[in-house]
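Here is the structure we will look at, set down as C-alpha cells.
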Amino acid sequence: MENETDVFYRELPKVELHAHLNGSVSYQTIEKLIKRKPHLNIEHGMTAIDKGQRRTLDECFQVFKVIHQLVDTEEDILMVATDVIKEFAADGVKYLELRSTPREEKNTGMTKKSYVETVIKAIQQCKNEGVDIDVRFLVAIDRRNGTEVALETVKLAEEFMLSSDGLVVGLDLSGDPTVGHGKDLLPALQRAKNCGLKLSLHLSEVKSQLEESDLLLNLPPDRIGHGTFLHPEVGGSQSLVDKVLKNSIPLELCLTSNVKGQTVARYSEHHFKYWYERGHPSVICTDDKGVFSTDLSQEYQLAASTFGLSHEAVWKLSQQAIDCIFAPEAVKQQLKQKWTDVKPHVFK
Ligand code: 5GP
C-alpha cells in the first residue's frame with residue numbers, strides 16, 4: 001500500500017497521539033545521519049522494517065538501539081525532531097504529541113535536560129517557520145530503567161511542564177514490555193499525576209500482564225498505549241475492560257506496528273475492532289512511522305479497508321481524536337473549528 005494512499009486519507013486532517021521520536025525517523029533523515037557517522041557502518045536494513053517483513057518484538061527493540069547510536073548529539077536530536085514534525089505536517093497531521101526518552105550521552109556531552117531542551121527548541125523552530133501543526137511533548141520513562149530513573153524523569157518532566165509554555169503536557173511509560181514490573185514505577189507515576197502531568201501508559205502490550213495492567217489502571221492513566229491483551233477474547237479479563245470503560249480511557253491503536261511486531265497475527269484480528277464496536281474512544285496512531293515504514297494516512301486507510309469504514313466514519317474517527325489530546329480545552333476548540341473549516345474541501 002505504501003505510496004498509494006488515496007487522496008482522501010492524505011487530505012483528512014489528523015491527530016497523532018502515539019509517536020516515539022526515534023522510531024519516527026524517516027528513510028531520508030536516516031540517510032543524513034548515516035552520512036554524519038559513516039564509521040558506525042549502519043545500513044538502512046538495520047533501522048526499518050519494510051513492507052511485508054515482520055520481526056519479533058525483541059528484534060524491534062534492537063532496531064531502536066541502532067537508531068540511538070545514530071542519534072547521539074543535540075545536533076542530531078534537533079534535526080531528527082524538526083524533520084519528524086515537518087513530515088507529520090506534510091501528511092496532514094494538525095496536532096501531534098511526540099514522545100521521547102531523555103538520554104544522556106557522556107561521549108557527546110548531551111544530558112537528559114539538554115535532550116528535552118533540544119526537542120522543545122525543534123518544536124519552537126517549526127512554529128516560528130509557520131509549519132501548520134500544533135506539537136506537544138510527552139517525556140518518556142523507559143520501564144527497563146527502574147524506580148530511581150523513573151522518579152528522576154518525572155522531576156524533569158515536571159520542571160519542563162512549568163517552564164515550556166505548555167509544550168510539555170505529560171508522561172509516557174514505554175520500553176520493552178517484557179522487562180521490569182509496573183509496580184516499581186507506581187510511585188513515579190503517582191507523583192506525575194499529582195503534579196498535573198497527563199499519563200499515557202503502554203499497557204498489556206504482551207500477554208500475561210493482567211496483574212500489572214490492573215495495578216496501573218487504578219491510577220487511572222489518561223490514555224492507554226496499545227492495550228492489545230486487555231480484553232477477555234485474547235486472554236485479558238472483563239474486569240480490566242470494565243475499568244477502561246468506566247473511566248472512558250482512550251486507546252492509542254497502532255495497526256502496522258502491532259502486526260509487524262507480531263503481537264497481533266493479522267490486521268483483521270487487531271483489537272481496534274473490539275473497542276471501536278463498543279463505541280470506545282479509539283485513536284489511530286503510527287507508533288514508529290520510520291521503523292515500521294508507514295504514516296498516519298496509511299494507518300487510517302488500513303483501518304478503513306480492514307474494518308469496512310466509510311469515509312464519513314473515518315472522518316468521525318479523526319475528529320473524535322481531538323477529545324483525547326492532552327492540550328487544554330481551548331486547543332480542542334481551535335482544532336474542532338479547523339476540522340469544520342476543511343470538511344467541504346476533503347469531501348469535495
Ligand atoms: P525514543 O524514546 O528514543 O524517542 O524512541 C524509541 C523508544 O521508544 C524505544 O527505545 C522504546 O523505549 C520506546 N518504544 C518505541 N516503540 C515502542 C513500542 O511499540 N512499545 C514499547 N513498549 N515501547 C516502544
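Given the structure is predicted, the values throughout are model-derived calculations rather than measurements. Start at 1 with the first residue, then count along the sequence. Every number for a ligand or one of its atoms is a count from 1 in the order of the listing.
Looking at atom 11 (C) of ligand 1, its nearest protein heavy atom turns out to be Phe61 CE2, 3.8 Å. Among protein heavy atoms, the minimum distance from atom 6 (C) of ligand 1 is reached at Phe64 CD2, 3.8 Å. When hydrogens are left out, the protein atom nearest atom 20 (N) of ligand 1 is Glu205 OE2, 2.6 Å; that is the closest non-hydrogen contact.
At a heavy-atom distance under 4.0 Å, no atom of Arg143 approaches ligand 1. Contacts between His68 and ligand 1 below 4.0 angstrom, taking non-hydrogen atoms only, involve the side chain exclusively. Residue-level proximity to ligand 1 for Lys65 is absent, since no heavy atom of it falls below 4.0 angstrom.
Using a distance-only test at 3.5 Å, with no hydrogens or angles considered, no donor-acceptor pair links the side chain of Arg143 to the main chain of Leu173. Looking at Glu212, its side chain does come within 3.5 Å of a backbone N or O of Gly182 through a donor-acceptor pair.
For atom 22 (N) of ligand 1, the nearest non-hydrogen atom from the set Gly225, Gly175, Cys60 comes from Gly175. For atom 7 (C) of ligand 1, the nearest non-hydrogen atom from the set Leu21, Thr101, Asn22 belongs to Thr101.
Ligand-side atoms of ligand 1 in range of His226: 19 (O), range being under 4.0 angstrom from any heavy atom. For ligand 1 and Asp288, the ligand atoms under 4.0 Å from any heavy atom of the residue are 15 (C), 16 (N), 17 (C). Counting the atoms of ligand 1 from 1 in the order shown, those under 4.0 Å from a heavy atom of Ser100 are 1 (P), 2 (O), 4 (O). Near Asp287, meaning under 4.0 Å from any of its heavy atoms, are these atoms of ligand 1: 16 (N), 18 (C), 19 (O). When each atom of ligand 1 is checked for a heavy atom of Ser174 under 4.0 Å away, the hits are 13 (C), 23 (N). Of all atoms in ligand 1, listed by their number and element, those nearer than 4.0 Å to a heavy atom of His20 are 5 (O), 8 (O), 13 (C), 14 (N), 15 (C), 16 (N), 17 (C), 24 (C).
Taking the six-membered ring for Trp and thresholds of 30 and 60 degrees, Tyr27 and His44 have nearly parallel ring planes, at less than 30 degrees apart.
Exactly one of Leu251, Leu253, Leu216, Leu201 qualifies for a side chain to side chain contact (heavy atoms under 4.5 Å, CB included) with Ile224. That residue is Leu251.
No side-chain donor-acceptor contact under 3.5 Å links Thr228 and Thr263.
With a 4.5 Å cut-off on side-chain heavy atoms, Lys289 and Leu296 do not count as touching. Looking only at side-chain heavy atoms (C-beta outward), Val135 and Leu167 stay at 4.5 Å or farther from each other.
Atom CG of Asn128 has more than 12 heavy atoms from other residues, nucleotides or ligands within 6.0 Å.
Hydrophobic clustering, with ILVMFWY side chains joined whenever heavy atoms are under 4.5 angstrom apart, groups Tyr95 together with Ile284.
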